[in-house]
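Lettering follows sequence order; numbering is per chain, from 1.
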Amino acid sequence: MENIASLMHGFGVALTMHHVLLMMLGVLLGILVGVLPGLGAPNGVTLLMPLTFSMDPISAIILLTSMYWGALFGGSTTSILFNIPGEPSSVATTFDGHPMAKQGRATEALTYAFLSAGFGALVGVVLITVLSSWVAKFALRFSSPEFFAVYFLAFASFIGLGGSSPFKTVISIMLGFAFTAVGMDTVSGSLRLTYGIDELIRGISFLVAVIGLFGIGELLLTMEEGLRFDGVKARVSPRKVFETLLTLPRYWVTLLRSAAIGCWMGITPGGPTAASFMSYGLAKRFARRREGFGKGREEGVIAPETADHAAGSSAILPMLALGIPGSATAAVMMGGLMIWGLTPGPMLFIEQKDFVWGLIASMYLGNVVAVVLVLATVPFFAAILRVPFAIIGPVILVICVSGAYTVAGASFDLWLVLIFGVVGYVFKKLDYPIAPMVLAMVLGDKAEDAFRQSAIMSGGDLSIFWSNGLVATIMALGVLLLVWPLLSLVVQRLRPSRDVGATTA
Amino acid sequence: MMMKKALMAATALVAALGISAAEAAWKPSKPVEFVVTSGAGGGTDQFARTVQAIITKHNLLDQPVVVVNKGGGSGAEGFVYGKTAAGEPHKVIFATNNEWLLPLVAKLAFKPEDLTPVAAMAVDEFLLWVPGDSPHQDAKSFIEAAKAAPGKVKIGGSQSKDTDHILVKQIEKAAGIKVTYVPFKSGGEAATQLAGGHVEANTNNPAENLGQWKAGGVRPLCVFAPERMARGEPVVDGKGWADIPTCKEAGVPLEHYQMPRTVFLPGGVQQDAVDFYVDLLKQVREKPEWQEYITRTSQSNRFFAGEDFQTFIKNNEDEGRAVIAAEGWLVN
Amino acid sequence: MSTNERSLVSRFAMEIATGCATLVAGIVVVLGAIEYETGWDEGGPQPGYFPFYVGLIIIAASLGVLGQAFLNHRRSREAFVTREGFARVMAFFLPLAAFTVGSYVLGLYVGTFVYLAGVMIFQGGYRWPFALAVAGGITGFFFVLFERWFQVPLLKGPLEALLGIY
């Protein structure tokens, strides 16, 4: 195959000592920015950008993408250890990753997270390698109705069986929607729900909300129960990491399903954050044993991590091939491409073969380097947990608050994060589910924009949402997932008892 | 052309000489903050970061330059931030004509006069684009098709009640047609939507559509400028920017629609500081990297400061206001 | 939470309070939405459409929660928080709130230093020199990290201006 030959050529370009060193530098820096909430890959890119001006484009993009991988990995570390998602896309990892850490299984959780993330990333890259031209064409078929359908599908697969009162789930979702509506409305160009408060013009940042709801809310709960971090009990040993590695193949169904979801959400504009939620939701829904999710199930870590990274790496393709940045980081990287004199777009693959395939080859290597390096940092982070709580607790808080500030450089967000912290605490104690609110904040305004753009295109006619095969299929899948809990109930009635397989044991 | 070059050299010389005097009067005493009124990766962001890179690379400032993105609310966030920093010459605001148009369409605690104009460093052109496989070979046939089916033709653009939307409204008026405007988040999104054939046209800036044009996904019909664009490298099949007719030639009498790349300081700063930045920006323009940025993004390299800039703002605002008022978007 | 700790706020009271709070939030959203058109025209839903119904749903669901609270929690003597638990939360939350207010006024670096040192000395029982050294070290590291490496300016206060750092 032509692509394979190109890839081999790409390896020839990427595999030099110089480039491998750059990858290591990029990954380490990425882990650092990924670990700090608020700081993310875009900040790292800013830091490195001046450095890259004197490099050739391939070295430069290798450095930048490696940092991106590093940041994705680093984000999961704090999710698991401190319940603070370092990156938006690692929110779903907190659901089971943090409970695992609390049970003293931090090493296992981290190892699962990193390995499945590495697996997801590799699947994403393989997809790019094999299907690059097809994927680019496929992505062009997406317009606003299809975008809306994708968001709907992501939402439908996560929402559903709530443990507690349905009223509370509804409130949580709707509050999330209300938060995303604050600020500038793309479709009408008017400022909504700002009540004349200047600070609300930019909207309510998803990250600030998450830092408050999860990070501070969780710390308050921990304090009330008079607990300390228990993650220290298990000593980290390479042996433990290795043992965990050996158990990973047991979860092959979850791995494959999550990787597929991630690739899908990466190519369509769903993005890594939505992918991780969707994957978590489906892992829970399809699990033979549903209990234990949210209390430290391995699949609860594997599913979001695999999907997150599969989406993160496959999203590079639309960026290169179409010039649409899927995230802020991609946007900054695209700016970099242009500064180096490359125009992202379909011609990049034809005019700059060395660059594109060198980059794709570096994605294989970069992810391997990232998995190795990030595993090597596990003992270091586990050591952090051994620092007395009187020191590390306040330091985590300081990181939360400073992180919230760096999101927009606004002192108003200091109050906001405090308020969200209290809301997170109260909601958790009263069994209001928080995750649906977060997902609503991720997808809400995008979904609303897509819906209204579609309506403008069709002149207000809703049939646009089943006007072609693609959009109709996605919508149908979404509806199916929404009613799935009912269906499965019916199925269970019809077929009383069935043997429980070993795949999820 | 020669005259222009000589003039440019002269200004450079004056700037070089003038800088020592300006330095004596005012110079930054702490890190300078570049406030970008768009998100990371947007046109204004690239503009600001290019200026920052040139300043850093050529050591034009003793103090470090920090870029901060405040693009919330279509840039309103950055403007309000600039307003609250009144009297602080260490914050420089990078924008477009949204500085004076945005307050017309959105209720903001901000008026254009709240910032001190420094300079406009380039102007970006707008073109009419169609998908690569569109039956329309020129603007005329496109307009006729739009006339035949009022409200059926969809034109995509970035944001609502913003530059693209205003332009589309002006096209409607000038050509006597009625179209449906579809607002997307960014020019990049509008470009892919056009290449995918989901809208019939867009009004993107050159840099936003360049990649898709090269690949045959989109095609330019005409440029909204008084004269054709500068000849650069040929883009597709030997055709380049200069081969695109003006829209006036093509029968759409709209020739003054450009977006300036502007620089502001907060209100209430001393004139010395304004002069300092005008000199600094003039030095930036002299560097090869600036020229490279202009060429790559196919913008026009123009520089307005002082009176000229004020006049530019006045004219541009009046034109914008007319459309905005006619559409009933005016909020105050 | 052990059962012999005394209840400070009952679960029932807190359910009612939260239900009322979300009810108010719903009303606020509806009020914000009706500043714009909430209908549906030839261009589809207008800007206020979604927020308006989102607000209405919040109101309805809040009423549902209030109803459920009366049904499920009224008679139960379940505690939302005990005196002891509340004291522990406050011992953590009050310094945090003070840190936020302090940072707002004095800048994040000064706030961080004072907060870290204060918590270590008064709650952690560390000796002064050690606490000051650790707090100073962490603050200094943050300064280099944010201001120099990543060029992300954090909130500064009067002290930095006095020193001429920013």
Side-chain angles (χ1 to χ4, degrees), chain A residues 42 45-46 49-50 53 139-146 183-191 194 196-203 205 269 318 321-325 328-335 338-339 341 343-351 408-410 446 449 452-453 456-457 459, chain B residues 39-42 45-46 49-50 53 56-57 67-74 76-77 80-81 84 105-110 151 154 159-162 165 180-186 188-189 191-193 195-199 207-208 210-217 292-293 296-297 329 331:
Chain A
V45 174
T46 327
M49 206 55 113
F53 291 146
L140 266 187
R141 293 180 53 191
F142 278 73
S143 185
S144 306
E146 288 82 6
M184 183 59 81
D185 167 35
T186 309
V187 177
S188 70
S190 38
L191 286 166
T194 55
I197 303 169
D198 289 346
E199 299 287 357
L200 287 177
I201 289 173
R202 74 176 158 270
S205 159
L322 297 176
I324 355 173
T329 318
V332 179
M333 279 204 256
M334 263 177 58
M338 295 206 219
I339 288 175
T343 312
M347 292 312 279
L348 201 62
F349 278 81
I350 296 159
E351 289 177 345
K446 290 187 197 169
D449 283 353
R452 286 166 60 196
Q453 282 160 358
I456 289 177
M457 288 179 175
Chain B
D45 185 53
Q46 282 182 43
R49 284 180 200 276
T50 307
T56 315
K57 191 167 175 189
V67 179
V68 193
N69 288 93
K70 289 195 181 289
S74 298
E77 183 192 356
V80 173
Y81 179 74
T84 53
V105 296
K107 271 182 240 165
L108 296 176
F110 164 77
K154 299 184 287 276
Q159 304 287 342
S160 189
K161 299 179 189 167
D162 203 4
H165 201 174
T180 299
Y181 176 80
V182 187
F184 295 103
K185 266 255 183 310
S186 66
E189 228 173 272
T192 29
Q193 289 299 307
H198 305 293
V199 288
E208 291 169 335
L210 176 63
Q212 287 294 349
W213 184 21
K214 276 187 178 170
E292 205 270 317
Y293 162 75
R296 192 184 64 239
T297 51
W329 297 340
V331 291

Reported OG-to-CZ distance for the pair S143(A) and F184(B), which is rounded to 0.5 angstrom: 5.5 Å
K185(B) versus chain A, heavy atoms under 4.5 Å apart: side chain, backbone, both or neither? both
Of the listed G151(B), A215(B), G71(B), G197(B), the one with the largest count of heavy-atom pairs under 4.5 Å with chain A is A215(B)
Backbone of F142(A) reached by a side-chain donor or acceptor of Q193(B) within 3.5 Å: yes
Kindly compute the distance separating OH (Y181(B)) from CD1 (I456(A)), expressed to the nearest 0.5 Å. 9.5 Å
Can you tell me which portion of T194(A) sits under 4.5 Å from chain B's heavy atoms? Options are side chain, backbone, both or neither. neither
Answer with side chain, backbone, both or neither: which region of S74(B) has an atom nearer than 4.5 Å to a non-hydrogen atom of chain A? both
CG of N69(B) to CZ of R202(A): how many Å apart, nearest 0.5 Å? 13.0 Å
Which heavy-atom pair separates L191(A) from G73(B) by the least distance, and what is that distance? CD2-CA, 4.5 Å
How close do A195(B) and L140(A) get, heavy atom to heavy atom, and via which atoms? CB-CD2, 4.0 Å
Contact part of K70(B) toward chain A, heavy-atom cut-off under 4.5 Å: side chain, backbone, both or neither? side chain
To the nearest 0.5 Å, how far apart are OG in S190(A) and NZ in K161(B)? 5.0 Å
Any side-chain heavy atom of V187(A) within less than 4.5 Å of one from S160(B)? no
Write down the atom of D198(A), the atom of A109(B), and the distance for their closest heavy-atom approach. OD1-CB, 3.2 Å
Using non-hydrogen atoms and a 4.5 Å limit, figure out which bit of V80(B) sits close to chain A: side chain, backbone, both or neither. side chain
Winner by heavy-atom pair count (cut-off under 4.5 Å) against chain B, out of M184(A), R141(A), R452(A): M184(A)
Out of S188(A), G459(A), G183(A), which one racks up the most heavy-atom pairs below 4.5 Å with chain B? S188(A)
Looking at T180(B), V199(B), V182(B), which makes the most heavy-atom pairs under 4.5 Å with chain A? V182(B)
